[in-house]
Amino acid sequence: MSKTKTKITIAVTGLNNTDNPGPGVPVIRSLKESTEFDVRIIGLVYETLEPGIYMEGLCDKIFQIPYPSAGSDELIDRIEQIHNQDKIDVLIPNFDSELFSFMKNEERLLRSGIHTFLPTMKQFQEREKDKLIEYGEKYGIKVPASINLGSLGQISEIKEKLKYPVMVKGQFYDAYVANNLEQVKQIFHKISDKWGLPVIIQEFVKGTEVNVIALGDGLGNTIAAVPMRKQYITDKGKAWGGITLSDEKMLEITRSLIRQTKWKGGMELELIKTVSGEYYLIEINPRIPAWVYLAVGAGQNIPEALVKLALGQEVAPMGEYKAGKMFVRYSYDILVDLEKFETIAMNGEI
Amino acid sequence: MKITNEVRISDNGFVFNSKTGDSFNVNPTGLELTKLIAQGHDFDSIKNIFLEKYDLDDLTFEKDFYEFCALIKHHQITSQEDPLDFK
């Protein structure tokens, strides 16, 4: 006899399945494959052209929400308004830039009956890109040398401390390679206009970029972890194809970090593996990454496990996964009737 | 010298290393060599098999064999504790 699935409503952000994709669509696909939950999906969007709005059979309902930059209260008020209209059991935010607002209001959301499973403020802040050196020292992991530029006046420090090429990174998103001072200046302006200060200048570590998607239970246990190598990278540095790896060292690094930090929630470790087999941590994304569906295909349904943890259920660590599982992204044109666009643009919901 | 545990060799010559995510196509001769190494044959045994099967002299075999071994070692398909060990 088949097990009855629990009906549940989950709100998900990040439906921008563009060439710089948010994790929302693959998170929803993963949840729809849950063996334990019969999910009803509420898509939360910032923009009216987020592709996930128009993908047939993806969301049961869509609501537009205000950008976190408009103020945390406005965002949370809107979530509560939606919740009053259409009850949300679990909320999965998928953007770095919105996490702060949701973490800050975790208790308020829970009082309303909305469950989340997010990192703590301390966990979130100590892994920020401009604190990576301290993070590496504290948790015993190699990180590239870096300088935080609060203004262009500090640019002379690069020559003193680093060699070209260098990576120039925004505090939330964007990373570019710069081969000389002029390029650093150009990228500095581009990034600081978009993401503010500081702009991080990081040593360029030569090697292969590898990533781990993981889920920590907040008690130090690694519930899920799957390593991957990007096989095809877009000009924005995003994976357009990838393959799961059988790399015990990457798993050890992940387990050690989760054990020490007691990481709560989804995460992505971005590492560089050098020719000599050393691993450098270049970034920690404090959320589920956009390639999560690969992990599901390899045997670890991380979004399903995250929902269970959010609901206070016990989840046993998932040790097994299939190495050599690949994903390849593709682009696809959806034809949309103007009425659908008009409804979301005018009513803020559909 | 041995093929690392993470390497999978298909009969059509597709070689996949699940530790690095790299994949390679080897030609029929490369496949034969890789399989003999995977089966645990040492240098002398592989040389005898090849000299018996193909119109080949000692010197050419040795040169091509070591070149092939260096290539697959570079791609982490094989591991060698002793760099001179081709057993």
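Letters go in sequence order (proteins before strands), and every chain restarts at 1.
Other residues, nucleotides and ligands place more than 12 heavy atoms under 6.0 Å from the CD atom of Gln39(B).
Remark: Asp11(B) engages Lys35(B) in a salt bridge (Lys or Arg N to Asp or Glu O under 4.0 Å) (not counting sequence neighbours).
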Could you work out all donor-acceptor pairs shorter than 3.5 Å where one atom is in chain B and the other in chain A?
{"residue": "Ser18(B)", "atom": "O", "partner": "Ser246(A)", "partner atom": "N", "Å": "2.6"}
{"residue": "Thr20(B)", "atom": "O", "partner": "Arg229(A)", "partner atom": "NH1", "Å": "2.8"}
{"residue": "Asp22(B)", "atom": "OD1", "partner": "Arg229(A)", "partner atom": "NH1", "Å": "2.4"}
{"residue": "Asp22(B)", "atom": "OD1", "partner": "Arg229(A)", "partner atom": "NH2", "Å": "3.3"}

